[in-house]
Amino acid sequence: MPELPEVETIRRDLAPRLQGRTIRQSDAHWSAKFTPATAIDHYRFVDLTRRGKFLIASVEPELARSGDGPMELVVHLGMTGRLQLHSDHAGVDLDHPHLRAWWLLDDGHTLTFHDIRRFGRIHVVPPGQYQAMPTLHHLGPEPFDPNLDSRLFHRLLSRSRRHLKTNLLSQRPIAGVGNIYADEALWMAKINPKIRRLGLERSERLLVAIQEVLALGIDNRGTTLRDYRTADGGTGSNQFTLTTYGRGGQVCLRCNYLLDSVVLDGRTTTWCPSCQAR
DNA sequence: CGGGGTTCCTGGCCGC
DNA sequence: TGCGGCCAGGAACCCC
């Protein structure tokens, strides 16, 4: 599943290659989740940023006409979404069953969005107008925001009494943490995923752990377990560093106790009952 | 407004 | 071998 490190890897690869390019032509799958992709023909890519797991491309009209202003193309990859840039439009299979949208650029390259399970989404909105995307609208701070310290993180976590891991996955206390990196960070911080409140000290440990596992994930160009690919079709290598996610029933790498795995609030959750005891 | 439950999807896997 | 059934999983959506 693409989480912050996967989306950031794609962003870094695509940003310099999209900047300044104008969309000549586009098409999208019939679903309303993807049709907005075709709303920005003849717009130029100005910038490519990221908030949490959302990729945000700033675009402006190629020819400024009255009533046209800058827009944002917002892409969420869902579970199985892939964004790839192809140098040869003729080589792109426009009838591929998983192709959900494509954009032909003025340099002949084609940006494609494939998504097997159709959990991804594409929006085109005026800059900052995120009401149609509640999670983005209420998104917590970026994990590497210099204004985010343990006191602020503690305050944001304290707004909900749901299980700590469920709280993290809501994207409200902090942006970009999904199931994989949540399990990894909680293990690193030695915190039980089922607790409902935590003090300043554990908030600090958790924040540092989240920053560490995300930074490692970015360094490794993401975690490729099945579907995730980089913008050039390559795989990440962070799957080889995972300590917790997907390791239920195997030994804890810290204490040799057997990792337990349960479904917590609908999400598979793996943790060490010994060193992440309540 | 927070929280709980449901839905969207389809490939992969399990069991008979 | 073939096939029905089941499941993962982020976020929107609905309702209380």
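Letters go in sequence order (proteins before strands), and every chain restarts at 1.
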Looking only at side-chain atoms of A:Arg121, point me to the closest of B:dG11, C:dA12, B:dC9.
C:dA12

Against A:Thr112, only a single residue in A:His98, A:Gln84, A:His86 fulfils side chain to side chain donor-acceptor pair (under 3.5 Å); can you say which?
A:His86

When all nucleic acid strands are considered with a 4.0 Å heavy-atom cut-off, which category describes A:Thr268: base, sugar-phosphate, or nothing?
sugar-phosphate

How would you label the contact of A:Met79 with the nucleic acid (heavy atoms, under 4.0 Å): base, sugar-phosphate, or nothing?
base

Just to verify, which of A:Leu186, A:Asn192, A:Ile191 counts as forming a side chain to side chain contact (heavy atoms under 4.5 Å, CB included) with A:Lys165?
A:Leu186

Does C:dA12 have OP1 or OP2 under 4.0 Å away from a side-chain N or O of A:Thr135?
yes

Side chains of A:Tyr181 and A:Thr223 only: does a donor on one sit below 3.5 Å from an acceptor on the other?
yes

With clusters built from Ile, Leu, Val, Met, Phe, Trp and Tyr whose side-chain heavy atoms come within less than 4.5 Å, directly or transitively, what are the remaining members of the cluster of A:Val92, listed by chain and number?
A:Leu94, A:Leu99, A:Trp102, A:Leu104

Indicate, with a heavy-atom threshold strictly under 4.0 Å, whether A:Arg118 touches base, sugar-phosphate, or nothing.
sugar-phosphate

Whole-Å distance separating the CE atom of A:Met1 from the P atom of B:dG11:
18 Å

Which of these, A:Leu14, A:Thr22, A:Ile23, sits in a side chain to side chain contact (heavy atoms under 4.5 Å, CB included) with A:Phe45?
A:Ile23

Does C:dA11 have A:Phe119 stacked on its base, where the ring centres are within less than 5.5 Å and the planes differ by under 30°?
no

Less than 4.0 angstrom between a side-chain N/O of A:His98 and OP1 or OP2 of B:dT10, yes or no?
no

Would you state whether a donor and an acceptor, one from the side chain of A:Arg117 and one from the base of C:dA8, lie under 3.5 Å apart?
yes

Distance flag, aromatic centroids of A:His29 and A:Phe34, threshold under 6.0 Å:
yes

Quick one: is A:Tyr245 getting a side-chain N or O under 4.0 Å of the C:dA8 phosphate, OP1 or OP2?
no

At under 4.0 Å, does any side-chain N or O of A:Ser160 touch on OP1 or OP2 of B:dG3?
yes

I'd like to know if A:Arg162 reaches the base of B:dG4 with its side chain, counting only an N/O donor and acceptor under 3.5 Å.
no

Which residue lies more 5' along DNA chain B, comparing A:Ser31 with A:Arg196 via nearest heavy atoms
A:Arg196

Between A:Ile116 and A:Arg267, which residue's closest nucleotide on DNA chain B lies nearer the 5′ terminus?
A:Arg267

Euclidean distance, atom NZ of residue A:Lys33 to atom C1' of C:dA11 [Å, nearest integer]:
9 Å

Can you pull out the residues from residues 227-243 of chain A that lie within a 4.0 Å heavy-atom distance of DNA chain B?
none

Any side-chain heavy atom of A:Phe113 within less than 4.5 Å of one from A:Arg82?
no

Any side-chain heavy-atom pair of A:Ile180 and A:Leu242 under 4.5 Å:
yes

If the threshold is 4.0 Å, N to carboxylate O, is there a salt bridge linking A:Arg50 and A:Glu142?
yes

Whole angstrom is fine here: how far is it from CG in A:Leu264 over to C1' in B:dG5?
15 Å

Taking five pairs at each terminus, the helix from B:dG2-C:dC16 to B:dC16-C:dG2 shows an axis bend, to 10°, of 40°

Would you say the side chain of A:Arg229 lies within less than 4.5 Å of the side chain of A:Thr224, judging by non-hydrogen atoms?
yes

Over all strands shown, is A:Arg226 touching base, sugar-phosphate only, or nothing at heavy-atom distances under 4.0 angstrom?
sugar-phosphate

Need one value for A:Tyr130: base, sugar-phosphate or nothing, where a base atom within 4.0 Å counts as base even if backbone is also close, heavy atoms only.
nothing

Run A:Lys53 and A:Glu3 through salt bridge (Lys or Arg N to Asp or Glu O under 4.0 Å) and show every step you take.
CA-CA 6 Å; A:Lys53 308 175 197 173; A:Glu3 304 179 28; 5.5 Å; no

How many Å lie between CG on A:Leu225 and P on C:dG10, as a whole number?
12 Å

Expressed in angstrom and rounded to an integer, what is the separation of A:Gln131 atom CD from C:dC13 atom P?
13 Å

Can a side chain N or O of A:Gln171 be found less than 4.0 Å away from OP1 or OP2 on C:dA11?
yes

When A:Val263 and A:Ser170 are each assigned the nearest nucleotide of DNA chain C, the 5'-most assignment goes to A:Val263

